[in-house]
There are 2 protein chains.
Amino acid sequence: MPKDGPDLSPPTVLRLSEYLLILEQFSKENKEIISSRELADAYGNNASQVRQDIFRLENSGRLGQGYSTWELAEEIRRTLGLSDIRKVCIVGIGNLGKALATHVPFSDYGMSLAAAFDTSPNIIGKNINDLQVQDFTELSKTIKDKNIVIGAICVPTNVAQSVCDTLVENGVRGILNYSRIRLKAPKHVSIQYQQVICSFMQLSYKVSND
Amino acid sequence: MPKDGPDLSPPTVLRLSEYLLILEQFSKENKEIISSRELADAYGNNASQVRQDIFRLENSGRLGQGYSTWELAEEIRRTLGLSDIRKVCIVGIGNLGKALATHVPFSDYGMSLAAAFDTSPNIIGKNINDLQVQDFTELSKTIKDKNIVIGAICVPTNVAQSVCDTLVENGVRGILNYSRIRLKAPKHVSIQYQQVICSFMQLSYKVSND
DNA sequence: TAGATTGTTAATCGATTAACAATC
DNA sequence: TAGATTGTTAATCGATTAACAATC
């Protein structure tokens, strides 16, 4: 029983987060029990991998009976650290930042968008979802006061590194980077790259080769 | 010498596309030669993996001398199918679609944004980067006429599947999905999921566990 | 030349898939 | 009960890392 300590592999963590969206869907359709096979069909992998992923959780289904949609979702949430509402900020409220702020369902998944920053006077003070866009100069204070640990960088490439530095200085440990440069940050900081152009390139390769 | 046929693993394809951004950077700084070590340092992996990735390409560097920044970039582009300009469309020109249309540097990486669609009369006819947003009803004809093979879905979740179906019917074989549902499509169609909330969840896990 | 660096094979590591007893 | 399904170990597969001869 080597089942303790949180040490899920990155692919497993990614899939768990994606299962959560699917479980949400099933939940809405009032499906209370789901089997590894059904989840696999919805996801596009196989039942064995689903069970292997769920096996890593602290506890899970009922032997021989499938998983309770609700309990499984709850357990995934807990494992991903979403039980206590995690606070997030967005830096740079252009089209992209605005899109994230308005369309990402933070509150459905144990997070809350706690602050948004920009430097443009046209944007500062505007409201997005009951949240007022703040001046970038207030970033340090706000992040510390509100205990924000995750930040999305949606600023132009040339200022991305300096925004990253400021975030890190003030205690942010998870960064979603939409700029096109590779950021330098201390090892304790996790960076997720969202380089849209790279996704298009991957598609180009696939389209060329089958 | 088992070096033919295009059969790069997904992680390798992803990294190659990311190397390309880095090479671009070095190129701008007039660095003409780059070693596997330098590239690895910039990327954040190790020289061995860089060489292994490049080894998969048809040809590459000069033994003992490093890689020509320009030639390597060109070879990656070729391998990813970006030599002949690949045409792309975006469906749904809300904040997100607008952000992609304006900020993704398609033309720097062998692609071209050839069409954009929406259903709202407020948006149809507007110009983005010399491109006029078209009525969604023109999608089928336009995609076929212009030979568009890649599409980004930036529409609300409830219509995403039907947009996907229309794209596939008209010959699109690569889809970037920004909606929150899992799309059903024939096997010859590649789908890349860009579920932003999942990226945030992955960060949450990392932030919780180190 | 000697030091640096690639191309390429081999070794290691990790992730996926298969299998099946235990359970409901 | 019999059929379905999980939990978990073992087997397979693939990706990363190490090593080093060949080359400049």
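Only heavy atoms go into these numbers, but all of them, side chains included; no hydrogens, no water, no symmetry mates. Just so we're on the same page: letters track the sequence lines, and every chain starts at 1. Keep in mind the model is a prediction, meaning the values are calculated, not measured.
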(message) Within the 4.0 Å heavy-atom criterion, would you say A:N46 contacts the bases, only the backbone, or no part of the nucleic acid?
(response) sugar-phosphate

(request) Return the minimal non-hydrogen interatomic distance between B:E138 and B:T142, and the atom names on each side. (result) O-OG1, 2.7 Å

(message) Expressed as a whole number of angstroms, how long is the span from B:R51:CZ to D:dA22:C1'?
(response) 13 Å

(message) In whole Å, I'd like the distance from the CD1 atom of A:I34 to the C1' atom of D:dA4.
(response) 15 Å

(message) Distance criterion of 3.5 Å, no angle test: do you see the side chain of A:Q52 paired donor-to-acceptor with the base of C:dT17?
(response) yes

(request) Determine: side-chain N/O of A:S48 to OP1/OP2 of C:dA18, distance under 4.0 Å, yes or no. (result) no

(message) Checking base pairs now: Watson-Crick or wobble, both atom distances under 3.5 Å. What partners C:dT6?
(response) D:dA21

(request) Establish, for the pair B:R182 and A:Y43, whether the NZ or CZ atom is under 6.0 angstrom from the six-membered ring centre and no further than 45 degrees off its axis. (result) yes

(request) Would you kindly give the CG-to-P distance between A:D41 and D:dT5, to the nearest whole Å? (result) 11 Å

(message) Counting the atoms with a prime plus P, OP1 and OP2 as sugar-phosphate, which does B:R37 contact under 4.0 Å by heavy atoms, base, sugar-phosphate, or nothing?
(response) nothing

(message) Judged by each residue's nearest nucleotide on DNA chain C, which is more toward the 5′ side, A:S9 or A:R62?
(response) A:S9

(request) Can you tell me the distance, in whole Å, between the CG atom of A:D53 and the C1' atom of C:dG14? (result) 14 Å

(request) Could you tell me the separation between the CD atom of A:E58 and the P atom of D:dT8, rounded to a whole number of Å? (result) 13 Å

(message) Looking at C:dG7, I'd like to know if its phosphate oxygens (OP1 or OP2) sit under 4.0 Å from a side-chain N or O belonging to B:Y67.
(response) yes

(request) Go through C:dA15, C:dT5, D:dT16 for me and flag the one nearest to the B:P11 side chain. (result) D:dT16

(message) Can you measure A:L8 atom CG to C:dT16 atom P for me and round it to whole angstrom units?
(response) 12 Å

(request) For B:V155 and B:S179, work out which heavy atoms get closest and say how close. (result) O-CB, 4.1 Å

(request) Round to the nearest Å and state the distance from A:I33 atom CD1 to D:dA4 atom P. (result) 17 Å

(message) With rounding to the nearest 0.5 angstrom, report the NZ to SG distance, A:K184 to A:C164.
(response) 11.0 Å

(message) Categorize B:T12 for me: base, sugar-phosphate, or nothing, with a 4.0 angstrom heavy-atom threshold over every strand shown.
(response) nothing

(request) Using atom CD1 of B:I54 as one end and atom P of C:dG7 as the other, report the distance to the nearest whole Å. (result) 7 Å

(message) Tell me whether the side-chain N/O atoms of A:Q49 come closer than 4.0 Å to OP1 or OP2 in C:dT16.
(response) yes

(message) Within this structure, what is the CD1-CG distance for the pair A:I150 and B:L203, rounded to the nearest 0.5 Å?
(response) 5.0 Å

